[in-house]
Engineer: 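Got a structure for you, questions after.
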Amino acid sequence: MSQKTKERIHLVYGIILSVLILTVGVCFALSCLSIYRSGSSPFTKESISVHFHRIAIPVYICIAGVIGGGILSLALPVTEGKVRSRRHPEDALEKLSARLDLSSCDEDTATAIRDERIRRRRVTAIFGFLAGITLIPALIWCVNPAHFSIENLNTDIKTAAALVLPCTAVALGLWVATVLLRGASISRETAAVKAALASGKGKTPEKSVPEQRKLTADPRFLWGVRGLILAVGVLFIVLGILNGGMADVLGKAIRICTECIGLG
Amino acid sequence: MKLKQWWSAHKPTKRRLIQLYAALLFNANLKGFKTGRIYQGPVKNICTPGLNCYSCPGAVGACPMGALQNALSDSGKTVPYYVIGIILLYGLLFGRWICGFLCPFGLVQDLLHKIKTPKLGKNRVTRVLSYFKYVILVFFAIIFPLVYAGYEFPLPGFCKYICPAGTLEGAIGLLSHPENENMLGMLGPLFTWKFLLMVIFLVGSVFIYRFFCRFFCPLGALYGLFNKISLVGVELNKDACTDCGLCVGKCKMDVRHVGDHECIQCGECLEVCPTQAIQWKGPKILLAPQAIGGSIATKESTDGAEREDTALVRRRRKARIARAVAWVLALALLGGALYYFNFVDGRDKIPDTETAEATDGSTQTGEETGEPLPPRGNEVGKLCISTELSLYTGGDTFAVDDNRGQVTVINFWGTWCGPCIAELPHFEEVAKAYADTVTVVAVHSNYKAPTAAEWIAKNYPDTSILFAQDPDDGANGVYYTALGGEGDFPMTIIVDAEGVITFTRRGSLTHDELVAAVEEALAK
């Protein structure tokens, strides 16, 4: 059997298995919801066994499907595809730009490249500012203790989450937009730089430009920071043992955390 | 032959073996799964490096994320030096190598991702979304516990509302045991929410590599900050790097460079690097012997070169011995841990209620009925075990036996327990509403007893509840344990006028449930 046929069989099997897994996931979620909605103190041994018994068949089929996947890969092994090279476009552009002497390029190319860089900076600044601004209301709301109370704990947290999550979604959305816009700009600049390099006009002389080393790459700096963190870490642990912090951890850990297991 | 090929392609890697090893070591209390109880020994004051719920019956250490949130909740009283110090040290030593090698929940996700389905890969959008875990860290793991610390109310926001490890290891681990059947009665909207989240995370992990780690895990977010300086992990030799991008192409995390804050240091990129520019950092002696000094196949005829080769062979031999010693020590540690937690340390053994009965087994008769009372015990229908408790408020001591003729509501609580504090107002209302017929005693578990008096004076200055102190037994308290407590707080026991237990609840109570239980005891 050809590699392609094998791959096709694996793909079809994978899609069927995906549907099965998603179905089982939805079944579990619906069963839990259905138990919850069945009355007060709904989680009893009987109700759980009744609800989960109903989904036993899809679960067994799914387990059989997973095992079948293993057998399939044994019976029809497919060679893994070659690892594809993946570089961040910005890093690739940086490398390319290092080979380009902008001052020796023709006016139009140099202006186009400079414009792209300015455009990118503007996009980053504006969208970054907007993303930051969207998170500030959520932050201000959440650090104000007046918005929280013990009596309405879950409601207050729900309110805070209802504010934090949309704000975060907007901020991340803006960030995604920034990334996409920057990506488009990088593509344009990369094309311009490549064209300039291909024309042979913008090449820098052969001299090697000493790369600026980052401070974090300096071993002395690195070991200094490590030493500092080690000292602070050890000091904090000793202070924690002395101020009862370690006993607090033990006190919590030896008791069942009702919050962790969804009871609290 | 095919099987051999399949095995060589699918046999567990060293990383997988280390992951299994770590999961077993951090959950060495295997008998906990049999007894349905959590380990309560002193070792639990040490945090394990990965996300491993301390309410898991097998857990022998504390979860650093849970410990951090609780320490922040308590920061009004105690500066959380200890947990911060531990996280700093783990970060410095391992960084996100912990995520790749030591985190039990990471192992669960890795195994689920091995299921043969089409996978959703990474892209620029997922890289942006990977920063969402910092939002979880800031709001749920830091801000919410700190805000509620102002109310002296412990709120581990991440554990309570999000953590799937808690649901999987803690909740399912405990609730699936028949001994803990009574806990099922307390499950409600919060459990439903957490169960749904857990299902989403687990199903998501099948299709998206490390779905939870990449987008939601606050512990990974914290450790990621240390990746550049951690002592163990992978590092890139920039001079040897040709910038081919194969490493980033191979990686399933949202990394931009090898070893950045998203890198879980799994080392899979080492296999594809054509120039060996990516190397393990850490104690060189423990690295693969072949990795030391490169190839020794080339022999030069000069004396100097031969001497170099001999030195190299000697170094490799040393490395082999060191690795063998490390493996032996690691296995000895695991074997020792399994033996100690399962056969030597008996801190999670079931309290011997028979002994409690035997100490006071004399037959008693009811004051009103004159009929013989049942034997002492901690179950419904038994005569409640009585111990003299010293009071924080309203008198010197209290004992259930001295309160015959009135219904007694015994609530075990702690200032460190959020659900306990949340339900105390219900007890206050009941104590006021049934002042003539019901005595409500709130017994503080001895943990942090000195601060309890301050807390009560501040929050319940004019109370109808009798606040009592449980005698210290180095764990949960003598009376709590005698009445069947197993480390789960709050716990409520209602005793009728004859001293017979009519109701027990391990976990929180609503106001209506409490009133109904009190009415039932009064009716008897």
Side-chain angles (χ1 to χ4, degrees), chain A residues 14 17-18 21 25 28-29 32-33 36 41 43-45 66 69 73-74 83-88 95 142-143 145 148 150 153 164 168 172 175-176 179 216 222 225-226 229-230 232-233 236-237 239-240 243-246 248-264, chain B residues 6 38 40 44-45 53-55 62 67 70 78 81-82 84-85 88-89 92 115-118 124-125 128 135 139 143 147 150-151 153 156 159-160 166-167 170-171 181 184-187 190-192 194-196 199 203 206 228-229 244-246 248-250 256 272 419 447 487-489 507:
Chain A
L17 193 54
S18 304
I21 289 169
F28 267 109
C32 188
L33 269 177
Y36 168 58
S41 288
F43 288 88
T44 59
K45 202 176 165 187
V66 172
S73 66
L74 174 65
V83 177
R84 279 165 57 191
S85 166
R86 193 180 189 129
R87 272 180 297 173
H88 197 279
K95 287 254 169 185
C142 287
V143 294
F148 298 93
I150 299 171
L153 174 70
V164 169
T168 310
L172 290 176
W175 198 348
V176 169
V179 168
T216 48
L222 211 55
V225 172
R226 283 170 179 162
I229 292 176
L230 179 70
V232 172
F236 272 26
I237 289 174
L239 286 175
N243 79 353
M246 191 167 86
D248 291 355
V249 169
L250 178 68
K252 257 304 202 188
I254 61 168
R255 291 168 174 89
I256 293 171
C257 170
T258 46
E259 289 109 330
C260 306
I261 62 174
L263 306 182
Chain B
W6 182 88
I38 63 167
Q40 298 186 328
K44 260 195 165 173
N45 58 22
C53 184
Y54 41 41
S55 290
N70 284 312
T78 315
Y81 287 123
Y82 180 71
I84 294 175
L88 281 176
L89 276 193
L92 173 69
I115 295 174
K116 301 276 179 190
T117 59
R124 278 182 288 180
V125 176
V128 173
V135 175
F139 284 97
I143 290 183
V147 166
Y151 293 110
F153 183 86
C159 293
K160 184 166 181 168
T167 319
E181 199 186 316
L184 292 173
M186 293 170 277
L187 303 182
L190 188 66
F191 177 77
T192 309
K194 285 196 74 185
F195 187 85
L196 294 184
V199 169
V203 172
V206 175
K228 287 251 157 92
I229 55 163
C244 65
L246 285 173
V248 180
K250 172 81 177 172
R256 182 168 164 180
V272 293
Y447 170 65
D488 42 351
F489 284 83

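Keep in mind the model is a prediction, meaning the values are calculated, not measured. So you know, we letter chains A, B, ... as the sequences are listed, proteins then strands, and number each from 1.
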Engineer: How many angstroms lie between atom CD1 of A/I21 and atom OG1 of B/T117, to the nearest 0.5 angstrom?
Structural biologist: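 Result: 5.5 Å between the selected atoms.
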Engineer: Between A/C142 and B/V147, what is the shortest heavy-atom contact and its length?
Structural biologist: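 Taking A/C142 first and B/V147 second, the nearest heavy atoms are O-CG2, 3.1 Å.
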Engineer: Go through A/A29, A/G25, A/C32 and name the one with the most non-hydrogen pairs under 4.5 angstrom from chain B.
Structural biologist: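 When all of A/A29, A/G25, A/C32 are compared, A/C32 has the most.
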Engineer: Going from CD1 on A/I229 to CG on B/L89, what distance comes out if it is rounded to the nearest 0.5 angstrom?
Structural biologist: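 One finds 9.5 Å between CD1 of A/I229 and CG of B/L89.
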Engineer: Chain B heavy atoms under 4.5 Å from A/V143: which part of the residue, side chain, backbone, both or neither?
Structural biologist: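 Backbone plus side chain of A/V143, per the 4.5 Å heavy-atom cut-off to chain B.
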Engineer: Does some side-chain heavy atom of A/Y36 sit less than 4.5 Å from a side-chain heavy atom of B/F191?
Structural biologist: no
Engineer: Of all heavy-atom pairs between B/T78 and A/G245, which one has the smallest distance, and what is that distance?
Structural biologist: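 Result for this residue pair: CG2-N, 4.3 Å.
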Engineer: Output the option from B/G170, B/A67, B/P156 having the highest count of non-hydrogen pairs under 4.5 Å with chain A.
Structural biologist: B/P156
Engineer: For chain B, find which of A/N243, A/L172, A/V176 contributes the most heavy-atom pairs closer than 4.5 angstrom.
Structural biologist: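 With the most close heavy-atom pairs to chain B, the winner is A/N243.
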Engineer: Under 4.5 Å from any heavy atom of chain A, what part of B/C244 do you find: side chain, backbone, both or neither?
Structural biologist: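 Backbone only.
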Engineer: Give, as side chain, backbone, both or neither, the part of B/I143 having an atom under 4.5 angstrom from any heavy atom of chain A.
Structural biologist: side chain
Engineer: Work out which heavy atom in B/K160 is nearest to a heavy atom in A/L153; give both atom names and the distance.
Structural biologist: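 Closest approach of B/K160 to A/L153: NZ-CD2, 3.2 Å.
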Engineer: Ignoring hydrogens and geometry, is there a side-chain-to-backbone donor-acceptor pair from A/R226 to B/I229 under 3.5 Å?
Structural biologist: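 Yes.
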Engineer: Below 4.5 Å from any heavy atom of chain A, which atoms of B/F489 appear? Answer side chain, backbone, both or neither.
Structural biologist: both
Engineer: Using side-chain heavy atoms (C-beta onward) and a distance below 4.5 Å, is A/F28 in contact with B/V203?
Structural biologist: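 The answer is no; the side chains never approach within 4.5 Å.
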Engineer: Is there a side-chain contact between A/F43 and B/T192 in this structure, where contact means two heavy atoms from C-beta onward sitting under 4.5 Å apart?
Structural biologist: yes
Engineer: Under a 4.5 Å heavy-atom cutoff, which of B/V128, B/L88, B/V135 has the most pairs with chain A?
Structural biologist: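 If we count pairs closer than 4.5 Å to chain A, B/V128 comes out on top.
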Engineer: When you compare the side chain of B/V248 with that of A/R87, does any pair of heavy atoms fall below 4.5 Å?
Structural biologist: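 They are not in contact (no side-chain heavy atoms under 4.5 Å apart), so the answer is no.
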Engineer: Using modelled atom types only, decide if a donor and an acceptor are shared between the side chain of B/K116 and the backbone of A/G69 within a distance under 3.5 Å.
Structural biologist: no
Engineer: To the nearest 0.5 Å, what is the distance between CD (B/Q40) and CD1 (A/I256)?
Structural biologist: 7.5 Å
Engineer: What is the minimum heavy-atom distance between B/I38 and A/R255, and which atoms define it?
Structural biologist: CD1-C, 3.5 Å
Engineer: Hey, does A/V179 have a side-chain heavy atom less than 4.5 Å from the side chain of B/V125?
Structural biologist: no
Engineer: Mind checking whether B/K228 and A/V225 have side chains closer than 4.5 Å, heavy atoms only?
Structural biologist: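 Side-chain contact under 4.5 Å: no.
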Engineer: Top residue by heavy-atom pair count (under 4.5 Å) with chain B, among A/T44, A/V66, A/V232, A/V83?
Structural biologist: A/V83
Engineer: Please check if the side chain of B/Y151 supplies one atom and the backbone of A/F148 the other of a donor-acceptor pair under 3.5 Å.
Structural biologist: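 Yes, because the side chain of B/Y151 sits within donor-acceptor range (under 3.5 Å) of the backbone of A/F148.
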Engineer: Is B/K44 in contact with chain A via its backbone, its side chain, both, or neither, using a 4.5 Å heavy-atom distance?
Structural biologist: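 Both parts, heavy atoms under 4.5 Å.
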Engineer: Does some side-chain heavy atom of B/L196 sit less than 4.5 Å from a side-chain heavy atom of A/L33?
Structural biologist: yes
